[in-house]
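In the text below, chain A, chain B and the rest are named by the order of the sequence lines, each starting its count at 1.
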There are 2 protein chains.
Amino acid sequence: MTDSDGTIELVERLARLITNEGHSHGLKPAQWEAVRYLARANRFSRTPGGLTAYLGVTKGTVSQTLMALERAGLVEKTANPGDGRSVRLDLSAKGRALLALDGMASIRQALAGLAPERQAALREGLAALMQAALAARGGRAFGICRDCRHFARDARGPGAHFCRLLEQPLEDAEAGQICQEQQAA
Amino acid sequence: MTDSDGTIELVERLARLITNEGHSHGLKPAQWEAVRYLARANRFSRTPGGLTAYLGVTKGTVSQTLMALERAGLVEKTANPGDGRSVRLDLSAKGRALLALDGMASIRQALAGLAPERQAALREGLAALMQAALAARGGRAFGICRDCRHFARDARGPGAHFCRLLEQPLEDAEAGQICQEQQAA
DNA sequence: TCCAATAGTATCGAGTCGATACATTGACGA
DNA sequence: TCGTCAATGTATCGACTCGATACTATTGGA
């Protein structure tokens, strides 16, 4: 029983607590995660494929979860103008309203109650774990747009940025969203 | 988008990575968690009820998961001598052999690669989050036997401890196991 | 002795998930 | 232009998870 085992066990159990939290407001854990993702992802990443990579499940599974959310009126699908194969996902007004009820309040409160330097240490440690785990599995980072090597700040004027990878203009509000193509600068 | 949100998102996503890891060796995530629990819990806690409290699901769900594990020959059930309602669970030899294949290796490696003081900070932060989350939900701590207020070290001789709550002698090896009755000293 | 609490099982329905097969669309070269 | 191959999603199957409800058996106290 090393110290490391204890930490891993903590992560495991916290993971389970968070997962179980997702059985609220008539949704399932996987559905909650999809809703949270769609609230935070930019328009290039709000697709079934993006959600598939983020969740780390198969595309068939994601397809079913999205159908359930669409039936419930929380998610809207529209054709992607640039690519006929792809589908654009958006939260409906009802879906956005649901976000306010996200049941992770108790854990969020616990985090806020920690000393700031402890919060920072926790965040760093988790990020390191995450990065290593993703690298081992070939997963994508899904980092914040503005921290990406392809992000060109103010390239089209003040507050008008640009993505050099997708060659698309970016509004200021999009710089803080997560992107499936993100690569740390 | 506060700093706190980012940390919560990290915990969420790491939770999902760990959960998905559980689809290896023909088991399901919930089954892996049960196997890990049974490997770490003391004899007072290796019951369907103990596992139910640990996982935070309903007893019906646990009953099914245990039936699947029993069918697979990984878990053995025996009548509890003290209480005719209760069942004692034990990993079979096959079940114990499976532990060596536990798929969390990559995350464990990532943790080991962190600086020791970062490991400690991560561990403390996670423990604080865990404690608060459990308190908010009325869950049990499932701490280590020897850290419990009911643990009487060497009460029956050197290496022969005693549980004052259950009024049972404890072997030395049991002091390091987790217990559903544990309360921090 | 009666009765409530406790431990666990049985069953149902909705959802998750991997696997496989399939339909469309797009990209690229001959 | 045509053919092939890759990419994006959907459809379907079977095993499992999970909450909810109802049920049995045992325990322990009034």
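- Rounded to an integer number of Å, the gap from A:Lys77 NZ to D:dG9 C1' is 8 Å.
- For B:Gln64 and D:dA15, the shortest distance from a side-chain N or O to OP1 or OP2 is not below 4.0 Å.
- Between B:Ser86 and C:dG8 there is a side-chain polar atom (N or O) within less than 4.0 angstrom of OP1 or OP2.
- OP1 or OP2 of C:dG8 has not a single side-chain nitrogen or oxygen of B:Arg88 nearer than 4.0 Å.
- Take the nearest nucleotide of DNA chain C for A:Gly84 and for A:Gly26: the residue whose nucleotide is more 5' is A:Gly26.
- The main-chain N or O of B:Leu91 is found under 3.5 Å from a side-chain atom of B:Arg96 such that the two form a donor-acceptor pair.
- For the pair A:Gln182 (side chain) and A:Ile144 (backbone), a donor-acceptor distance under 3.5 Å is present.
- When rounded to the nearest whole Å, the span between CG of A:Leu69 and C1' of D:dT10 equals 16 Å.
- At the heavy-atom level, A:Asp83 lies under 4.0 Å from the strands shown only through sugar-phosphate atoms.
- For the atom pair CZ of B:Arg46 and NZ of B:Lys77, the computed distance is 15.0 Å after rounding to the nearest 0.5 Å.
- As a whole-Å value, the separation of B:Glu21 CD from C:dC17 P is 15 Å.
- In this structure, B:Lys59 does not reach the D:dT17 phosphate: none of its side-chain N or O atoms is under 4.0 Å from OP1 or OP2.
- Straight-line distance from the CG atom of B:Leu55 to the P atom of C:dG8: 13 Å, rounded to whole Å.
- Nearest approach of B:Leu129 to A:Ala110, heavy atoms of both residues: CD1-C, 4.1 Å.
- Between the CG atom of A:Leu51 and the C1' atom of D:dG9 there is a distance of 13 Å, rounded to whole Å.
- At C:dT16, one or more side-chain N or O atoms of A:Thr65 fall inside 4.0 Å of OP1 or OP2 (strictly under the cut-off).
- Atom pair A:Arg85:CZ and D:dT10:P shows a separation of 14 Å (rounding to whole Å applied).
- The distance from atom CD of B:Gln31 to atom C1' of D:dA15 is 9 Å, rounded to the nearest whole Å.
- Rounded to the nearest 0.5 Å, atoms CD (B:Glu12) and CH2 (A:Trp32) are 10.5 Å apart.
- Rounded to an integer number of Å, the gap from CG of A:Asn80 to C1' of C:dG26 is 12 Å.
- If B:Val62 and B:His23 are placed on DNA chain C by their nearest nucleotide, the residue sitting closer to the 5' end is B:Val62.
- Close to C:dG15, at under 4.0 Å from its OP1 or OP2, lies a side-chain N or O of A:Arg71.
- Nucleotides of DNA chain D nearest to A:Thr61 and B:Gly56 differ in position, and the one nearer the 5' end is that of A:Thr61.
- Taking for each of B:Val57 and A:Met67 the nucleotide of DNA chain D with the nearest heavy atom, the 5'-most of the two is the partner of A:Met67.
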